[in-house]
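So the structure is just underneath, and the comments pick up after that.
For ligands, and for the atoms within them, numbers begin at 1 and follow the listed sequence. Note that the coordinates shown come from a computational prediction; the quantities given were computed from them, not determined experimentally.
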Amino acid sequence: MNNAASVPYHIGIIMDGNGRWASERGLPRSMGHQKGAEVVRETVQTAADLGVKALTLFGFSEENWSRPGDEVSLLLRLAETYLKKELNALHKENVRFRVIGNKSKLPKSLQTIIDEAEQKTINNDRFFLNLALSYSGKWDIVQAVKRIVAEGVDPESVTEEMVSQHLSLSDVPDPDLLIRTSGEQRISNFLLWQAAYSELYFCDAMWPDFNKHELTLAIECYQHRHRRFGKI
Ligand code: IPE
Ligand code: IPE
Ligand code: MG
């Protein structure tokens with residue numbers, strides 16, 4: 001990797017392909033999700049080592065509630081286990097942890113550990129880890145609009161900045177790079193507004209196979225992009 005070229009400040013990752021990873025091996029989908037959860041820990045470490053400052057991981061979408069109940073329960077349980085296991089280490093590493101999404105729909109036990117993790121790490125600033133759970137980009141925009149309306153704002157004074165400030169991650173620069181694993185090439189309702197000018201990178205690796213090499217390739221590709229933002 002060219003360390004002199006700019007490393008993305010904020011990377012978003014759509015962690016896709018757990019089920020296919022498992023099916024390809026004749027394993028139940030649950031095994032793919034378990035392996036996928038392990039990869040999260042390594043990815044946070046690697047991203048921080050490579051000089052990335054913020055990582056937003058899509059762990060469970062609003063639409064994923066439509067999956068079979070046992071798969072939904074497993075995914076949410078894995079998120080809870082991850083947090084319980086990693087909270088102290090994240091805090092020691094000076095990582096600020098946050099969940100974005102409709103937290104009120106999550107199981108109470110998960111909400112409790114999320115609150116604890118967010119409170120404990122609120123003043124940390126070496127690295128920003130955001131986990132999107134029960135999240136969708138459209139939900140995010142709707143909740144922002146609801147809050148703006150509730151503030152009694154005059155419609156004529158609504159600005160892009162105002163909307164941005166009411167969205168999730170309003171205090172983190174928009175993602176420079178958006179990665180999706182598993183070969184699918186779509187956004188699937190991830191950070192819609194915030195990804196307006198993100199560079200998109202799709203890789204064939206299934207999420208459980210994602211590793212330092214894959215992340216380095218994505219960053220190297222990003223470093224060769226020419227971000228124009230509408231200019232010439
Ligand atoms: C990603 O893997 C995990 C979530 C979306 C929650 P999938 O479960 O979507 O795996 P595939 O896409 O079916 O292989
Ligand atoms: C997107 O993956 C959501 C997450 C990675 C959490 P999906 O597997 O749910 O997306 P689609 O259904 O293939 O678009
Ligand atoms: Mg999928």
Side-chain angles (χ1 to χ4, degrees), residues 10-44 46-47 54-83 85-86 97-107 109-111 113-114 129-143 167-169 175 177-195 198-211 214-215 218:
H10 181 184
I11 298 181
I13 308 185
I14 301 173
M15 309 184 291
D16 197 17
N18 293 349
R20 279 164 285 162
W21 180 90
S23 303
E24 283 165 5
R25 287 161 179 77
L27 300 168
R29 289 176 61 85
S30 57
M31 296 291 285
H33 293 314
Q34 264 156 32
K35 180 73 173 39
E38 289 166 26
V39 172
V40 169
R41 181 171 2 97
E42 297 161 28
T43 306
V44 173
T46 310
L55 193 61
T56 301
L57 302 174
F58 203 6
F60 188 84
S61 73
E62 188 69 44
E63 291 82 0
N64 289 149
W65 287 110
S66 325
R67 294 191 180 196
D70 56 347
E71 179 157 336
V72 169
S73 307
L74 173 71
L75 286 164
L76 299 176
R77 215 164 48 240
L78 283 170
E80 196 170 322
T81 308
Y82 167 81
L83 259 186
K85 251 183 27 203
E86 295 302 318
F97 175 84
R98 253 182 301 186
V99 163
I100 60 168
N102 190 351
K103 288 185 231 179
S104 67
K105 283 176 85 172
L106 299 173
S109 55
L110 179 53
Q111 288 187 35
I113 179 79
I114 289 169
L129 174 61
N130 313 303
L131 182 60
L133 294 178
S134 191
Y135 179 87
S136 86
K138 289 186 182 181
W139 166 85
D140 203 354
I141 294 167
V142 169
Q143 68 79 28
L167 287 166
S168 303
L169 304 180
L177 172 64
L178 206 64
I179 299 173
R180 183 174 188 143
T181 58
S182 89
E184 305 294 353
Q185 303 194 357
R186 55 180 171 268
I187 307 284
S188 295
N189 214 349
F190 193 30
L191 303 162
L192 296 180
W193 178 287
Q194 299 90 331
S198 301
E199 293 297 325
L200 306 180
Y201 180 86
F202 301 101
C203 71
D204 287 334
M206 299 295 157
W207 175 250
D209 288 328
F210 195 78
N211 55 23
E214 294 290 344
L215 184 59

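- The shortest distance between side-chain heavy atoms of Leu167 and Leu169 does not fall below 4.5 Å.
- In terms of protein heavy atoms, atom 13 (O) of ligand 2 is closest to Arg186 NH2, 2.8 Å.
- Only one option out of Gln34, Lys35, Glu71, His33 pairs with Asn18 in a side-chain hydrogen bond (donor to acceptor under 3.5 Å, both in side chains); it is His33.
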Exercise. Apply salt bridge (charged side-chain N to carboxylate O under 4.0 Å, His left out) to the pair Lys105 and Glu62, showing each step before the final yes or no.
Key: CA-CA 10 Å; Lys105 283 176 85 172; Glu62 188 69 44; 2.4 Å; yes

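- At under 3.5 Å, not a single nitrogen or oxygen of Asn64, backbone or side chain, sits near a nitrogen or oxygen of ligand 1.
- Any N or O atom pair closer than 3.5 Å counts here, and Leu75 shares no such pair with ligand 1.
- The residues Arg20 and Asp204 are annotated as not salt-bridged, no charged nitrogen and carboxylate oxygen being separated by less than 4.0 angstrom.
- Note on ligand 1: Ser182 sits outside its first shell, no heavy atom being nearer than 4.0 Å.
- Inspection of the environment of the Mg ion (ligand 3) yields the following protein N, O or S atoms under 2.8 Å: Asp16 OD1.
- The protein atom (non-hydrogen) at minimum distance from atom 2 (O) of ligand 1 is Asn18 N, 3.1 Å.
- Using the six-membered ring where Trp is involved, Phe210 and Trp207 have ring planes that are parallel, under 30° apart on the 30 and 60° scheme.
- What sits closest to atom 6 (C) of ligand 1 on the protein, heavy atoms only, is Gly59 O, 3.4 Å.
- Taking every non-hydrogen atom of Arg67 and a distance limit under 4.0 Å, the qualifying atoms of ligand 2 come out as 7 (P), 8 (O), 9 (O).
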Quiz item: Can you check side-chain contact (heavy atoms from CB on, under 4.5 Å) on Leu74 and Arg77, steps first, answer last?
Solution: CA-CA 5 Å; Leu74 173 71; Arg77 215 164 48 240; 3.7 Å; yes

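- To the nearest 0.5 Å, atom CZ of residue Arg29 and atom CG of residue Asp70 are 10.5 Å apart.
- Two residues are said to be in side-chain contact when any heavy atoms from C-beta on lie closer than 4.5 Å; Asn102 and Gln143 fail this criterion.
- Atoms of ligand 2 found under 4.0 Å from any heavy atom of Ile14 (numbered from 1 in listed order, with element): 1 (C), 5 (C).
- The option from Glu63, Arg20, Glu24, His33 that lies nearest to atom 12 (O) of ligand 1, judged by heavy atoms, is Arg20.
- For ligand 2, the atoms sitting less than 4.0 Å from at least one non-hydrogen atom of Phe60 are 6 (C), numbered in the order shown with element in parentheses.
- In terms of polar-atom proximity, Arg29 is counted as a contact of ligand 1, with an N or O under 3.5 Å from an N or O of the ligand.
- Contact atoms of ligand 2 toward Met15: 5 (C) (distance under 4.0 Å to a heavy atom of the residue).
- Just one of Asn189, Leu191, Thr56, Asn64 meets the side chain to side chain contact (heavy atoms under 4.5 Å, CB included) condition when paired with Tyr135; it is Leu191.
- Side-chain contact between Leu106 and Ile114 is present, with heavy atoms from C-beta onward closer than 4.5 Å.
- Ranking the protein heavy atoms by distance from atom 14 (O) of ligand 2 puts Ser188 OG, 2.6 Å first.
- For Arg180, a nitrogen or oxygen atom sits less than 3.5 Å from a nitrogen or oxygen atom of ligand 2, counting backbone and side chain alike.
- A donor and an acceptor atom, one from each side chain of Trp193 and Asp140, are nowhere located under 3.5 Å apart.
- For the residue pair Glu63 / Ser136, no side-chain donor-acceptor distance below 3.5 Å is found, with atom types taken as modelled.
- Below 4.0 Å from some heavy atom of Asp16 lie the following atoms of ligand 1, by number and element: 1 (C), 2 (O), 7 (P), 9 (O), 10 (O), 11 (P), 12 (O).
- Protein heavy atom closest to atom 10 (O) of ligand 1, with residue, atom name and distance, is Gly19 N, 2.9 Å.
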Exercise. Please assess Arg98 against Ser168 for the test side chain to side chain donor-acceptor pair (under 3.5 Å), listing each intermediate value before the final yes or no.
Key: CA-CA 10 Å; Arg98 253 182 301 186; Ser168 303; over 6 Å; no

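- Taking the six-membered ring where tryptophan is involved, the planes of Phe190 and Phe58 are essentially parallel, since the angle between them stays under 30° and well short of 60°.
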